Amino acid sequence: MASEADGTGGAGGYTAREMMVSAAAREIEDGDTAFVGMRLPLIAFQVAVSTHAPNAMSVFESGVVRDDPADGFLHTMCDLPNLDRAVSTTGMLDVMGRLARGDIDVGFLGGAEIDRYGNLNTTRVHAGDREIRLPGSGGACDIACMSDRTVILMAHEPRRFVERVEYVTSPGHGEGGDWREEQSVPGGGPSALVTSKATFGFDDGELYLRTVHPGEDADAVAADFPWDLRTREDVTGDPVGETAEPTDEALSLVREFDPDGFWTDD
Amino acid sequence: MASEADGTGGAGGYTAREMMVSAAAREIEDGDTAFVGMRLPLIAFQVAVSTHAPNAMSVFESGVVRDDPADGFLHTMCDLPNLDRAVSTTGMLDVMGRLARGDIDVGFLGGAEIDRYGNLNTTRVHAGDREIRLPGSGGACDIACMSDRTVILMAHEPRRFVERVEYVTSPGHGEGGDWREEQSVPGGGPSALVTSKATFGFDDGELYLRTVHPGEDADAVAADFPWDLRTREDVTGDPVGETAEPTDEALSLVREFDPDGFWTDD
Amino acid sequence: MPADKTTSMAEAISRIDPGSTVAAGLALEHAIPFAAGHELARQGIGDLTLVGPISDVLFDQLVGAGVASRVRAAWAGNVSAGSGYNFRRAVEGGDLSVENHSNFSVALALQAAALGVPYLPTRSLLGSDIAEEPQFRVTEDPFEGQRIVQVPAIAPDWAFVHVQRAAPTGDAHLWGNTGVTYQAVRAAEHVLVTTEEVVDLDVIKSDPSRTRITREQVDAVVEAPFGAHPSPVAGRYNRDNEYFLAYADATRDADGFDAWADEWVYGVNGREEYREKVERDLSVQEPTTAAEVTYGK
Amino acid sequence: MPADKTTSMAEAISRIDPGSTVAAGLALEHAIPFAAGHELARQGIGDLTLVGPISDVLFDQLVGAGVASRVRAAWAGNVSAGSGYNFRRAVEGGDLSVENHSNFSVALALQAAALGVPYLPTRSLLGSDIAEEPQFRVTEDPFEGQRIVQVPAIAPDWAFVHVQRAAPTGDAHLWGNTGVTYQAVRAAEHVLVTTEEVVDLDVIKSDPSRTRITREQVDAVVEAPFGAHPSPVAGRYNRDNEYFLAYADATRDADGFDAWADEWVYGVNGREEYREKVERDLSVQEPTTAAEVTYGK
C-alpha cells in the first residue's frame, strides 16, 4: 500500500482511464460507505481508502464489505482476493438493505447512454434500425435509486450523450428540478459525471461541464453533446476549470491494483 | 438414547404429563418437520425422533433446527445442549419463512383457554371482573396460522374450556366449517387436542372427544365443557376409545430427557 | 485507522435518551443483553419503549424498574416459570401500554425498517385478534386477491446485541441461533454491541462470512464478559436455570421485586461485582470445535 | 438414518423437466454452478426459464445451447468482457424473452416466495423504466402515502447451488459472499446442491451457524469438485479470468459458440474430463484460516 510519490505530477504519463480513476477517487470522502461495484470505481475506492479516505468502506451487491484494498488484482467483485480478509462476506439483501435504508453515501454507475438529467441506459440501444440488447441493470438501478449521491463514469464518446435515453435503466434526475422528490425516488441522484475528457456536475438536476482534463478543450467537449450544454460558468460564475491530474501516489496505486492495465489502459 | 423397554406397559406408573408427552409424540409422523417450541412438545419431539419418527426434524422459532434429541435437559429452546450439534442455528425469518411457505407439517401449541373450534387465547383472560394479562403469543399465532396441522396440549381444567375465547391469540377453526379457507388463513388448523385426561380430534372444525386416558370417564370429561361436546361416536360411529398408554420405551425416554421431572411431574 | 468504539457500559448507556425505543432480547432465550439492561435500570433512563419478540425476563425487569412505559412484543414473561409478574402488574394496573405482536410480526416489522420500506406483507396473523390490533392493516393482495396483513416497520432508536467477540471497530461475530438480531441491527438507528471479548479486527476478518454486524451499524462496543447471564451464550456459558426460577419466586409481589433488584441491580456497581455474586459454574465444560474453514487466494 | 441424497450429476439433472424455471448464479460471480449448467445443456433439457441476478456467462451458455426460452434477470453478459453474445443474438433475433429486473428486485422476488407472500414492496426501481415492466405494480403505500413498487414473488422449480461442503443429507456449508443463494433455496420447489466435497454430517453439525441450507430444502447432492469453474470458490480455487476472456473471444458469432461448446460442453463426458482440460492451477495458494469457534455445553 506504500506510495512512491515523488512530488511531481507531470502532465501526461497516465492514461485517460487512470485520470478517470483518480477523479472518481476524489469523489469518495473519508468515512463514506461506497457502493463500488466493479472495474474503475472499484479501483477508485482502493485508491481513495489508501490515500485521503482511510475510513471509507466499500460494499458490493454480491455481499462483500471491505475496508481496505484487496491484496491482488480483481476481475470481479467476487474474485478471491476481494473475499479474503473482507470485513464481511454476506448476502445481497443485507447490503442492498443498507442501500434501501439510506446508509450508502455514494454509489458508482456506468452506462451506455446518459442524458441531460443524468438518466442512464444499460438495457437496449438502437444503432440505426437495429436494436442492440445490452446486459441490463445488474445492481445499477438500485444504486441509482437509493444512494445518497451517485458518481457516473463513462468513456467520452459523443454517441453516448443523448437528449433522452431510450430506456431509463438507472434514474438520474429524471426530467430535472425536483423530479426525484416528486416521484418518491429515495436517494439524491447523480452528483458528478467523470468521462475520459472532463468532469461534470449537476445543477437543478441538469448536467453541466465542471472541468476538462489537461489538454482537452471545453468548447470541443461541449460540442459532443446534442443539446446546449451548460457550464460551470453558467452555474457558479466560475469558468470551467482543469481537472487535477492524478498524483504520483494515486498513479502508483492504480498501477499496483491493476498491474497489467487490464481496466486502466486506454 | 437406548431405551430400556421391558415389554410391559403397566397401567399407572406414569404421570399425566408423561401421558400427554407420549400421546403428543404419536402425533409426529416419520419425516415430519415439526415446529415444537418448548416444554412438553419439545420432549414429545425428542421421544418421537428416538422411536417411530427417526427422520423427523424439529425447528424452533429462535432459529434452531435439529434432527435428534439434545444431549442434556432443556429449560428453553436456546439452552446450549439444543444448540450444540444442531443441524442449523440460524434466525427467525429463516425458520418462520419455512412455516410461511407451508413447509411445516405439524406445529405444537398450548393455551390458557380453548374454545369449541380450537381457537386459543394466551393474551388476556378475566377472573370475575379482574382482567389478567398473560404473556401473549410468542410464535404461537404464527404456528397456528401457517402449520399444515397443529396439535394442542393443555392441562385438563374446566375453566380452560370456553364457548368462545376472549381473545384469539392463535386461530383454530374460527367459527368452524370452512372458516379458515374463507378467511385466507393458510395452514390446516388444529388436528388434535391432548389434555391431561383425554385426546380430541376436530370434525368440520369442531372439537370432539376421541379417547380418554386410562382411568378417565368419557362422560365426566365431556361434562367439563360448557357446550354439548361431540364424541367420536357422533363423528365416526366408533365409541370413544382409551388412549394408548405410554410404552416403557417412551417413558424411559421422557425420563432421560427430563430426569428431574421438571416439565413432566404433575 | 477506523474509529475505536469501545467504551464503558455506563458511558454507552448514558447516551440513550429517555423516551427512546430500545430493541433487545433479539436472539430469544439466547444471549440476552442483561448487563446492558441492568445499566439502563441503574441510570433510571425512563419512558422507554421496549421492542423484541420475547425477552425472557429482561423486559419484566425493566418494567419492574419503572423505566418502560410501552412494550411492543410478542410475549413477555419468564420462559422457565411462565408469568412475568412485573409485566402483569403493570399492564393490569394501567402503567404499561402493550402493542401485541406475534414473533413473526416483530421480525417482519424490524425487517421492513431494515429494508427501508413502510411495511412488509404476511399471511400470518390472519384469523387472529392480533391482526385486528390497530398497528396492522388487513387488505387484499393485488396479485392473487387473497387477504394479507401489512406489518408496519419498527425502526428502534437503539438495538442492544450481545455477541461472543467484537473488534473495537464494531465488526462482530455472533454464533448460535440469532432470532431477529440481524434484522434489528439493520433496523435500528443506533446499535450497542456488548461482547464477551474484544478481539483484534484480524480475528473478525479471518472469517468474514461470520460477520453480519459491521461497523457502520454500530455506535458503541462494550466488553462485558458474562454480560448475558442468566441467559446462555453459545460456546461460553450455560443458562442459569435456577436463577430464572428464583427470580420468579422472588418477584411475585412488587416488594419482592424491589428487594430482588436491590440485590442484583442497584446493589452491584457493574458486571464484575455481579459476576462474583453468581456462585454456580456455568461455563461450557464440553466444548465442540467448529470444523476448519479457509479463505485465501 | 436420514435419506442419503447423493447422486450423479447426470441423474440429478435428468429429474428436471423441460419447461422448468431454474435459478442459478445466485452468489453472483462467486460459486456459479457451471458443472450443473453444462449437464443441462448436454441433456438438452429445453424451454427453460432462467432466474438469477446476474450469472456471469452461465446464462449466455445455456441460451447458446438452445435450452432457454426465457430469462428473468437483472443482467446477462460476461463480467470480465462485457457482452454475452449468445444472449444478445437470441434477444435481438426474437428467440428469447427477457423479464428485466434489478439485482434487488430479483432478491426481493425470491425472498417473497421464501416468505410465502405474493409480493414484497420496495422503494427501489422508482423512476426507472424497470418499474414500468409488466410484472411490477407501482402503487401508494398505505402507511406513509409514498409511491412504492410491489415486486411479485418468483418461486423457481429448481435452484442450483454450489457449496464447499455438504453432507449426504443435504445439509450444507457455504462461505464467501452468498448473494441471493439462501433466498433462492427457500423460494424454490426443489434444490440441487453441487459440492466441492461430500462430508460427514458431523462436520456440518460441528458448526450449525454456518448451515443455512438444510435437508428438507434439498432434493439432490452431487459431489462436483471444481464444479464452479471458471468462477471462484472461497477457500478452494480462484477465478479463471483467462477462460472468461477466451470465451468472449470465441463466441462473437454463433458458429464460434458452437465450436466452443463442442469442446467444453458436448466434448467432455463430465466434470473430471473437463477438469483435465483446464491447465492452469487455480487452487488457493495462500489459505487463511478462520478463527476458532466452539459450541458445547
Side-chain angles (χ1 to χ4, degrees), chain B residues 38 60-64 71-73 75-86 88-93 95-96 99-100 119 121-124 130-146 165-172 174 179-180 183-186 189 262, chain C residues 27-31 53-54 56 73-80 82-84 87-88 90-92 98 100-108 111 122-131 146-148 175-183 231-235 237-239 241 244 284 286 288:
Chain B
M38 53 180 294
F60 300 83
E61 56 222 74
S62 61
V64 178
D71 186 14
F73 172 67
H75 264 248
T76 83
M77 63 178 88
C78 297
D79 286 14
L80 297 196
N82 208 40
L83 276 48
D84 187 45
R85 309 200 70 77
S88 177
T89 50
T90 173
M92 188 188 289
L93 278 185
V95 295
M96 286 276 183
L99 187 57
N119 304 298
N121 177 11
T122 54
T123 299
R124 53 171 180 252
R130 187 172 158 236
E131 181 170 291
I132 298 174
R133 171 67 208 202
L134 304 174
S137 162
C141 175
D142 309 306
I143 296 168
C145 285
M146 301 189 291
V165 292
E166 196 168 317
Y167 185 101
V168 180
T169 312
S170 303
W179 177 89
R180 288 182 73 99
Q183 299 292 314
S184 303
V185 187
F262 184 81
Chain C
L28 284 78
E29 295 93 343
H30 181 225
I54 72 165
D56 215 321
W75 192 94
N78 180 322
V79 176
S80 289
S83 283
F87 174 73
R88 273 179 64 167
V91 176
E92 292 167 21
V98 179
N100 287 307
H101 278 268
S102 73
N103 277 344
F104 196 34
S105 74
V106 172
L108 292 171
Q111 177 75 342
T122 181
R123 296 181 66 202
S124 191
L125 306 188
L126 287 169
S128 75
D129 282 340
I130 300 176
Q146 291 196 304
R147 288 173 79 223
I148 205 152
W175 62 93
N177 69 282
T178 56
V180 299
T181 301
Y182 300 130
Q183 284 71 40
S231 69
V233 175
Y237 42 88
N238 284 279
R239 190 172 191 270
N241 291 314
F244 283 93
V284 167
E286 304 168 33
T288 55

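Order of the sequence lines sets the chain letters (A, B, ...), proteins ahead of strands, with each chain counted from 1. All of these numbers come straight from a predicted model, not from anything done at the bench.
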Hey, could you give me the CD/CG distance between C:Glu286 and B:Asp71, rounded to the nearest 0.5 Å?
7.0 Å

Does a side-chain heavy-atom distance below 4.5 Å link B:Thr169 with C:Ile130?
yes

Among the listed options B:Arg130, B:Arg85, B:Arg124, the residue most often paired with chain C at heavy-atom distances under 4.5 Å:
B:Arg130

Among B:Ser170, B:Cys145, B:Gly63, single out the residue with the greatest number of heavy-atom pairs under 4.5 Å to chain C.
B:Cys145

Out of curiosity, C:Asp129 CG to B:Ser137 OG, how far, rounded to the nearest 0.5 Å?
11.5 Å

Counting heavy-atom pairs closer than 4.5 Å to chain B, which one of C:Val180, C:Ile54, C:Leu125 comes out on top?
C:Leu125

Exercise: identify the closest heavy-atom pair between C:Pro232 and B:Leu80:
CB-CD2, 3.7 Å

Locate the shortest heavy-atom distance separating C:Ser80 from B:His75; write the atom from each residue and the value.
OG-ND1, 2.9 Å

Report which part of B:Arg180 has an atom under 4.5 Å of a heavy atom belonging to chain C: side chain, backbone, both, or neither.
neither

Within the side chain of C:Glu29, is there an N or O that forms a donor-acceptor pair under 3.5 Å with the backbone of B:Asp79?
no

Note: B:Pro171 and C:Ser128 closest approach over all heavy atoms is CD-CB, 3.7 Å

Shortest non-hydrogen pair, C:Gly82 vs B:Pro135, comes out as O-CG, 4.0 Å

Heavy-atom distance under 4.5 Å between the side chains of B:Ile132 and C:Arg88, does that happen here?
yes

Checking heavy atoms, do the side chain of B:Thr122, its backbone, both or neither come under 4.5 Å from chain C?
neither

Please classify the contact of C:Val91 with chain B as side chain, backbone, both or neither, using a heavy-atom distance under 4.5 Å.
side chain

Select, from C:Asp56, C:Asn78, C:Thr178, the one with the greatest count of heavy-atom pairs under 4.5 Å involving chain B.
C:Thr178

Can you say whether C:Val98 sits under 4.5 Å from chain B via the side chain, the backbone, both, or neither, judging by heavy atoms?
side chain

If we define contacts as heavy-atom pairs under 4.5 Å, which of C:Ser83, C:Gly77, C:Ala131, C:Ala76 has the most with chain B?
C:Ala76

Approximate separation, where rounding is to 0.5 Å, of B:Met77 CE and C:Leu28 CG:
6.5 Å

In the structure I gave you, are the side-chain heavy atoms of B:Pro81 and C:Asn238 within less than 4.5 Å of one another anywhere?
yes

Got a sec, which residues hit side-chain hydrogen bond (donor to acceptor under 3.5 Å, both in side chains) with B:Thr90, two or more places apart in sequence or on another chain?
B:Asp94

Donor-acceptor contact below 3.5 Å, side chain C:Arg147 vs main chain B:Gln183
yes

Under the ring pair (Phe, Tyr, Trp, His ring centres under 6.0 Å) test, which residues partner C:Tyr237, sequence neighbours left out?
C:Phe226

Side-chain donor/acceptor of B:Asp142 to backbone N/O of C:Phe104, under 3.5 Å
yes

In short, B:Leu93 meets C:Ala107 closest at the heavy-atom pair CD2-CB, 3.9 Å

In terms of heavy-atom pairs under 4.5 Å with chain B, the winner among C:Leu126, C:Thr122, C:Leu108 is C:Leu126

Go through the atoms of C:Ala234 and report whether side chain, backbone, both or neither lie under 4.5 Å from a heavy atom of chain B.
both

Checking heavy atoms, do the side chain of B:Asp84, its backbone, both or neither come under 4.5 Å from chain C?
side chain

Does a side-chain heavy-atom distance below 4.5 Å link B:Met92 with C:Pro53?
yes

Side chain, backbone, both or neither: which part of C:Asn100 has an atom under 4.5 Å from a heavy atom of chain B?
side chain

Which distance, rounded to the nearest 0.5 Å, do you find between the OG1 of B:Thr76 and the CZ of C:Arg239?
4.5 Å

What part of B:Phe60 lies closer than 4.5 angstrom to a heavy atom of chain C: side chain, backbone, both or neither?
neither

